[in-house]
Amino acid sequence: MEIEAKFTPKGLFRKSIDPQKIYEFAMKFITAHEGHIFESGQQLILKLCPEGQIFLECHDKALYAYCMSGHVGPGLHVQANEFLDELLQNFKLSSDITDTTNYRTHRDFHSLQNDFHECLKSVLSNATEKNGEQAIYVNWPFPYLLQHTAEDTWYCNIGEYKTYDILLYQSNIASFASEFFIWPNRTKDALFYRNSALSDAWSRYSYQQVEAGGLEIIKKLEKAVSLDRFVPFPKALYCELCSIHNHEPIDLSGLSNKETPNVGFRKRPTLVQHEGWMFPLDGGFCALNRGDNTIYSQKDREFLVKTTFYDASKVNPEEVNKALAGRYFDKMTSDECIRIFPKENAQIKMYKINWHLPYIICSMLMPPGTTLTMTFYFAEAEDYHWALDIINSAAYTGNNRPPITSLKE
């Protein structure tokens with residue numbers, strides 16, 4: 001399920017669309033709808049909920065908009081149409097809008113829900129046909145994957161399910177849709193806030209106190225209770241989060257419980273995808289972006305990752321390796337260089353310095369065309385095995401990804 005739109009200026013003397021005015025309009029809209037806005041390259045991204053985004057881009061005197069709603073629910077589809085409506089009301093634009101459902105024309109929400117249910121039925125049917133084969137990923141939120149997946153298991157952005165249970169879900173698709181879709185109804189109701197919280201807790205949160213996302217999940221769960229105390233509530237998850245963040249829990253008496261045994265895949269050994277690279281991490285890591293670098297941290301361990309790309313066809317690989325490695329390591333200073341580990345197409349060194357995490361391993365992996373710089377910080381010298389395991393397992397995959405199925409029609 002998706003919406004695509006192209007907008008061009010009206011009038012005899014057509015002017016280019018002003019990106020700044022579009023940004024101001026989008027900011028006003030997203031603020032009114034409890035979302036977030038950010039830029040990625042030439043795109044402006046309106047994030048309305050977990051996995052729910054509207055993409056905007058201006059070029060060639062036109063504004064392009066795109067929203068894929070199939071994996072989020074009919075509520076997002078409605079919100080995307082309302083955004084386009086307000087855009088047309090505020091700007092003199094000609095439009096060419098394609099909606100893969102009939103909602104843009106008829107505005108019948110019940111019919112839209114049925115379309116989503118039929119699409120979900122199709123996905124469940126495909127899953128049962130593959131029963132007994134390898135694990136299935138459905139709308140999986142990159143960049144993380146599980147290191148160890150179980151056969152007969154169905155992984156999606158709100159949890160994991162056994163494929164042999166899917167037959168039960170198929171018999172009551174409306175009930176399962178209220179659990180599977182983050183935004184199953186027209187408005188942001190109790191189900192929306194609960195499912196948003198479960199999606200974050202399953203696919204984004206690291207269960208560390210330093211990660212503020214845990215407090216946001218708590219707020220969403222409490223918002224769900226304030227809207228409807230009869231919606232099944234994940235008591236165990238809520239209490240765990242309150243304990244991690246020293247948050248005073250609300251009164252849970254009278255609430256029906258929702259079991260969530262599969263919440264928190266990042267507690268498990270995980271594969272991280274980073275700009276064409278893939279490497280393993282133990283469970284419970286926290287990821288932070290700082291400029292061009294990504295920092296992954298655990299208790300008494302953290303490492304910084306940075307990727308550089310170049311055109312290998314236009315340079316001598318030996319010269320690139322020598323120049324990059326020399327420029328990087330010449331900047332390193334240390335009290336003691338403890339060990340040098342050899343690895344093909346790599347520079348790896350270990351240092352001891354007077355920081356709060358005193359041991360450092362610096363590595364630079366250099367297959368043709370790209371360089372992955374990994375700098376590891378840890379408290380105990382014996383932990384160098386942890387760093388080397390990651391270095392030795394890191395692989396450049398380019399654009400290759402594991403099979404991912406989608407609810408895209």
Side-chain angles (χ1 to χ4, degrees), residues 33-36 47-52 71-76 79 113 120 139 141 144 146 153-162 165-166 168-169 172-268 270 283-286 299:
H33 293 84
E34 300 179 322
H36 303 281
K47 185 173 182 180
L48 293 158
C49 67
E51 309 301 322
H71 58 300
V72 178
L76 175 64
Q79 190 85 96
Q113 275 188 317
L120 182 55
N139 296 305
Y144 308 121
L146 295 172
T153 305
W154 197 65
Y155 297 96
C156 62
N157 57 299
I158 47 90
E160 64 183 13
Y161 300 88
K162 291 298 181 182
D165 286 334
I166 290 178
L168 299 176
Y169 306 138
N172 191 352
I173 196 68
S175 176
F176 183 61
S178 69
E179 178 178 325
F180 177 85
F181 291 123
I182 294 173
W183 202 336
N185 298 317
R186 181 190 292 271
T187 61
K188 289 185 174 181
D189 56 8
L191 280 175
F192 168 84
Y193 286 103
R194 187 202 66 182
N195 293 355
S196 293
L198 291 177
S199 178
D200 285 338
W202 165 247
S203 60
R204 296 169 186 82
Y205 182 56
S206 65
Y207 294 81
Q208 291 194 45
Q209 188 178 33
V210 296
E211 191 168 355
L215 291 173
E216 292 300 316
I217 297 171
I218 290 172
K219 290 179 181 179
K220 289 178 180 179
L221 290 173
E222 292 179 349
K223 178 73 171 180
V225 172
S226 70
L227 292 173
D228 189 347
R229 293 184 65 86
F230 292 99
V231 169
F233 187 80
K235 294 181 180 181
L237 169 65
Y238 175 74
C239 291
E240 180 181 5
L241 294 174
C242 288
S243 176
I244 292 173
H245 292 279
N246 299 317
H247 179 83
E248 183 67 28
I250 61 174
D251 180 14
L252 302 181
S253 60
L255 298 180
S256 61
N257 187 44
K258 176 176 175 57
E259 296 291 341
T260 54
N262 55 13
V263 168
F265 88 83
R266 280 175 62 187
K267 293 181 179 181
R268 313 176 192 180
T270 305
F285 66 88
C286 179
K299 183 180 180 181

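Along the sequence shown, residues carry numbers from 1.
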For this session: Could you walk me through whether E216 and D200 pass side chain to side chain contact (heavy atoms under 4.5 Å, CB included), step by step?
Result: CA-CA 9 Å; E216 292 300 316; D200 285 338; 5.8 Å; no
Exercise. Checking side chain to side chain contact (heavy atoms under 4.5 Å, CB included) for the pair V225/F230: CA distance, chi angles, key distance, verdict?
Worked result: CA-CA 8 Å; V225 172; F230 292 99; over 6 Å; no
Exercise. Can D228 and D189 be said to form a side chain to side chain contact (heavy atoms under 4.5 Å, CB included), step by step?
Worked result: CA-CA 8 Å; D228 189 347; D189 56 8; over 6 Å; no
Exercise. Stepwise, does the salt bridge (charged side-chain N to carboxylate O under 4.0 Å, His left out) test hold for E160 with R268?
Worked result: CA-CA 13 Å; E160 64 183 13; R268 313 176 192 180; 3.2 Å; yes
Problem set entry | S253 vs D251, side chain to side chain donor-acceptor pair (under 3.5 Å): CA-CA, chis, key distance, verdict | CA-CA 6 Å; S253 60; D251 180 14; 2.8 Å; yes
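Atom CG in L198 sits 6.5 Å away from atom CG in L221 (nearest 0.5 Å). Going from atom CG of N185 over to atom CD of Q113 covers 5.5 Å, rounded to the nearest 0.5 Å.
A donor-acceptor pair is defined here as one N or O able to donate and one able to accept, closer than 3.5 Å; such a pair exists between the side chain of S203 and the backbone of S199. Side-chain atoms of S175 do not come within 3.5 Å of backbone N or O of N172 as any donor-acceptor pair. Side-chain atoms of K188 come within 3.5 Å of backbone N or O of H33 as a donor-acceptor pair. Between the side chain of K220 and the backbone N or O of N195 there is no donor-acceptor pair closer than 3.5 Å. Panel note: side chain H247, backbone L215; no donor-acceptor pair is recorded below 3.5 Å. Although no hydrogens or angles enter the test, the distance criterion places no donor-acceptor pair under 3.5 Å between the side chain of S196 and the main chain of Y193.
Side-chain atoms of R194 and F233, non-hydrogen and from C-beta on, never get closer than 4.5 Å to each other. The side-chain heavy atoms of C239 and L252, taken from C-beta on, include a pair separated by under 4.5 Å. You'll find the side chain of F192 stays beyond 4.5 Å of the side chain of L227, heavy atoms only. Side-chain contact between P50 and R204 is present, with heavy atoms from C-beta onward closer than 4.5 Å.
When all heavy atoms of N257 and A236 are compared, the closest pair comes out as OD1-N, 4.5 Å. Scanning all heavy atoms of the two residues, the minimum distance from V72 to C49 falls at CG1-SG, 3.5 Å. H71 and F180 get closest at one heavy-atom pair: O-CE2, 4.5 Å. Of all the heavy atoms in G52 and L76, the pair that sits closest is CA-CD2, 3.6 Å. Of all heavy-atom pairs between G214 and L241, the closest is O-CD1, 4.4 Å.
Atom NE2 of H36 has 12 or fewer heavy atoms from other residues, nucleotides or ligands within 6.0 Å.
Side-chain contact annotation: E222 with Y238, donor-acceptor N/O pair under 3.5 Å present.
A salt bridge is defined here as a Lys NZ or Arg NE, NH1 or NH2 lying under 4.0 Å from an Asp or Glu carboxylate O, and K267 with E240 meets this definition.
Aromatic ring centres of F181 and F176: separated by at least 6.0 Å.
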